[in-house]
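Order of appearance sets the numbers: ligands from 1, and atoms from 1 within every ligand.
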Amino acid sequence: MIDRNQQWRLARTPPAGWPQADDFAWHEVPCPEPASGQLVSRTIYLSLDPYQWGRRRSGVEKPGDVCHGRTVSQVVKSRHADYAEGDYLFNTNGWQAFGLTGRDISNFGYMHPRRIDPGIAPISTAVGVLGMLGLTAYSGLIIQCQPRAGETVVVSAASGGVGQVAGQLARLKGCRVVGVTSTPEKCAFVRDELKFDSAVSHLANDFEAQLASACPDGIDIYFENVGGKVYEGVLPLLNRGARITICGMISQYGNTDGRNAGELWMATGKPYFDRLGVQAHSLFVGNFVADHQARFLIEMAEWLKEGAIVYREDIWSGLEHAPSAFMAMLKGGNFGKTLVAVAKDPTRT
Ligand SMILES: NC(=O)c1ccc[n+]([C@@H]2O[C@H](COP(=O)([O-])OP(=O)(O)OC[C@H]3O[C@@H](n4cnc5c(N)ncnc54)[C@H](OP(=O)(O)O)[C@@H]3O)[C@@H](O)[C@H]2O)c1
C-alpha cells in the first residue's frame, strides 16, 4: 500500500555561486494516481548530474518544481499498454520517491523512457555507464575525436561518471591515456582499476610539469570536463591537428562574476588552436541520441559483459541526502558516478 510521496522541490531560484541547502525544500504529498496511458513508478536510483545545476541556475527549473533528475525505477501501478507492474525502466521521475510516466507527462526531454533488462547489467547502470553518461563519453571521444591507436588522450575528471568511461574507451582504441583527477585514492583508481597509463593530480603544486612528463609525445585528444587550471595545463602540450571535445567545464559552474565560461575558454585557447589547427567540438549528448544511442547500448553492454569496461558508482543512501550529495559532487566530493539509492534495489542481493 503506497499513500505518501516524498519530494525535493526547488525552494528558490538559486543565487549566483554554488548550490546551498536553502535551495531545496522537502515535501510530503499524496502519491500520484495514473490516468489512462500512464504509470506510477517507484524511484530506485536517482542520478545526480552537473547539468541539473545549470537548469536551476538558469531558471529552466522554477521554484516549486520537483527537482529534475533521471531515474531507474520500478512500475508499481500501470495503466500504460507497454508496461506492467514490476517492470524496470529508465525514466525521469526527478528527486522524488514516486513519479508518473506516460501520456501527457513530458518531463523526459531528449531521453525517452525505456525498459531496462536487469539481465544485461545492474539496473543502476541505466543512468550511468549504460545511459546518458556513457553515451556522452562515447559521442565525445569516439564520434567527435576519432581516436587512432598510439595517440595520447588526456581526460579530466577522470575518476568521475563521464571521465572513467571516456578514458577506457580511448584505451580500447589503443591510445595512451592520461587521467587528471584529485586525490591519491582517485589517482590510484584511475591507474590500477581503469588501467589508464598515467594519472596526474590537479591539486599538485607542479601539476603542469607532472602533466607534461605524463605526455612525452604531447596531447592529440583532450576530453574536457573541467576547464580552468587543467585546461590551461593542457594547452601548451597540444599537438598539431589535436582534437578537443568540450564536454563540460565544471570548475566554472559556480562563477559569480558574470563571465561567460565558454567564451573565455575559446579566447584562452584560440592562439593555440589557430597555430596548431586544433579542432574543438562542442558536445551536447542530446544531439547523439537519435543516431547513436541504439548502437551505443549494444556495444557498451558487450564491453561490460566482457569486463572490457569497468565502472565505479558513488551511491548515497536515502532521498533525504540528495541535496548534500549534489553539492558534494559539484566540488569533487564524489568518487565515481553519483547516485542516490531512493528505494531498495530488488535486483541486488
Ligand atoms: N556535454 C554533455 O552533453 C554532457 C553530458 C553529461 C555530463 N557533462 C559534463 O561532464 C562533466 C563530468 O560530469 P559527470 O556527471 O561525469 O560528473 P563527475 O565527473 O562524476 O563529477 C564531477 C567531477 O568534477 C571534478 N571537479 C570538480 N571541480 C573541479 C575543479 N575545480 N577542477 C578540476 N576538477 C573538478 C571532480 O573530480 P576530481 O576529484 O577529479 O577533481 C568531480 O568528481 C561535467 O562537466 C558535466 O557538466 C556534459
Could you list which atoms of ligand 1 come closer than 4.0 Å to a heavy atom of [X]?
X	result
F284	3 (O)
T181	38 (P), 39 (O), 40 (O)
M132	5 (C), 6 (C)
M249	45 (O)
S182	38 (P), 39 (O), 40 (O), 41 (O)
G161	16 (O), 18 (P), 19 (O), 20 (O)
V226	33 (C), 34 (N), 35 (C)
M329	22 (C), 42 (C)

[X] side chain to [Y] side chain, donor-acceptor N/O pair below 3.5 angstrom:
X	Y	result
R70	T92	yes
T152	D217	no
Y138	E299	yes
N91	S41	yes
E224	W265	yes

Ligand 1 contact on K337 by region, counting heavy-atom pairs under 4.0 Å:
neither

If I apply the N/O under 3.5 Å rule, does [X] come out as touching ligand 1?
X	answer
H202	yes
V162	yes
L283	yes
S159	no
K186	yes
V285	yes
T136	no
T338	no

Considering only heavy atoms, which of [options] lies nearest to [atom]?
atom	options	result
atom 14 (P) of ligand 1	G332, S47, P50, G336	P50
atom 45 (O) of ligand 1	I246, T183, N225	N225
atom 8 (N) of ligand 1	C247, G248, G140, A328	C247
atom 47 (O) of ligand 1	W53, Y253, Y231	Y253

R56 to W8, cation-pi by 6.0 Å centre distance and 45° axis angle
no

Of E28, H27, Q96, the residue whose pairing with Q7 passes side-chain hydrogen bond (donor to acceptor under 3.5 Å, both in side chains):
Q96

Is there a continuous path of hydrophobic side-chain contacts, each under 4.5 Å between heavy atoms, that joins L130 to F90?
yes

Which pairs pass side chain to side chain donor-acceptor pair (under 3.5 Å) with one or both residues in residues 314-325, sequence neighbours excluded?
none

Among all protein heavy atoms, pick the one closest to atom 26 (N) of ligand 1 and tell me residue, atom and distance.
I250 CG2, 3.5 Å

Would you say the ring centers of Y110 and F284 fall short of 6.0 Å from each other?
yes

Which class fits the ring pair H80 and Y83: parallel under 30°, tilted 30 to 60°, perpendicular over 60°?
perpendicular

